[in-house]
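Comments concern the structure below.
Lettering of chains follows the sequences in order, A, B, ..., and the numbering in each one begins at 1.
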Amino acid sequence: KNEVEQSPQNLTAQEGEFITINCSYSVGISALHWLQQHPGGGIVSLFMLSSGKKKHGRLIATINIQEKHSSLHITASHPRDSAVYICAVSCISSGSARQLTFGSGTQLTVLP
Amino acid sequence: DTEVTQTPKHLVMGMTNKKSLKCEQHMGHRAMYWYKQKAKKPPELMFVYSYEKLSINESVPSRFSPECPNSSLLNLHLHALQPEDSALYLCASSQVVVNQPQHFGDGTRLSIL
């Protein structure tokens, strides 16, 4: 079974700061997902990546398959970025549907 | 706005009640999922449907009964729940092919009295 570890668990930043959240996993995966969950509960998929780097607006996700490590970066952070960020990895399951193994999440608070 | 719609958004029920949670998507996804999430914890997978057939049941108690009547709908029937079943219940969908993101609904917040 894959173990997914995130750090830090909690992060408080000032508006405008550059933020990094880290994720490590223990065994090979088919893809890694970064998810965002706001206090209301809904989860948004930010990135899915299996190699290299992806960028969307102020968000950047990188993955190093050899090191079994991924990072989520937020540039020019804003209070609206405050949310829980969850790393999850895909593993093959029966029926060709993909199960996600989740990290414990990082609570990010960006202060104005 | 989320593309996966869950109803109701909130539900309060007694331990003897029977209720159902509903989930709907029109993205043509043939994999659908139920998750349970307790406060400050990550989601826990409960059930996976693939092509309208139950493919994974993560040892969920029988008081939770999933149903997938068609490719757009997923229900979770609840009966004789316990207080510890109070949680956020999330539905998600995805394409069945490899390496596709899951699209989540906003969840149903369930409280058992």
Among the clusters formed by ILVMFWY side chains lying less than 4.5 Å apart, do A/L46 and A/I63 turn up in the same one?
yes
Applying the 4.5 Å side-chain criterion to the ILVMFWY set and letting contacts propagate, would A/V89 and A/V84 be lumped into a single cluster?
no
Co-membership, hydrophobic cluster, residues A/L11 and A/I86, 4.5 Å side-chain:
no
Please report the interatomic distance CG(B/L45) to CD(A/Q99), rounded to the nearest 0.5 Å.
5.5 Å
Bottom line for B/Q37: the part with an atom under 4.5 Å from chain A's heavy atoms is side chain
Are B/W34 and B/L110 linked, directly or through intermediate hydrophobic residues, by side-chain heavy-atom contacts shorter than 4.5 Å (ILVMFWY only)?
yes
Name the option with the most non-hydrogen atom pairs under 4.5 Å to chain A; the candidates are B/A92, B/P42, B/P43.
B/P43
Can you tell which part of A/Q37 gets under 4.5 Å to a heavy atom of chain B, answering side chain, backbone, both or neither?
side chain
Side-chain heavy-atom pair B/Y35, A/L100 within 4.5 angstrom cut-off:
yes
Are B/L76 and B/V12 connected, step by step, through hydrophobic side chains (Ile, Leu, Val, Met, Phe, Trp, Tyr) whose heavy atoms are closer than 4.5 Å?
no
Counting only non-hydrogen atoms closer than 4.5 Å, does B/R30 touch chain A with its backbone (N, CA, C, O), its side chain (CB onward), both, or neither?
neither
Neighbour count >12 (heavy atoms, 6.0 Å) for atom NZ, B/K9:
no
Working to the nearest 0.5 Å, report the span between CE of A/M48 and CD of B/Q102.
10.5 Å
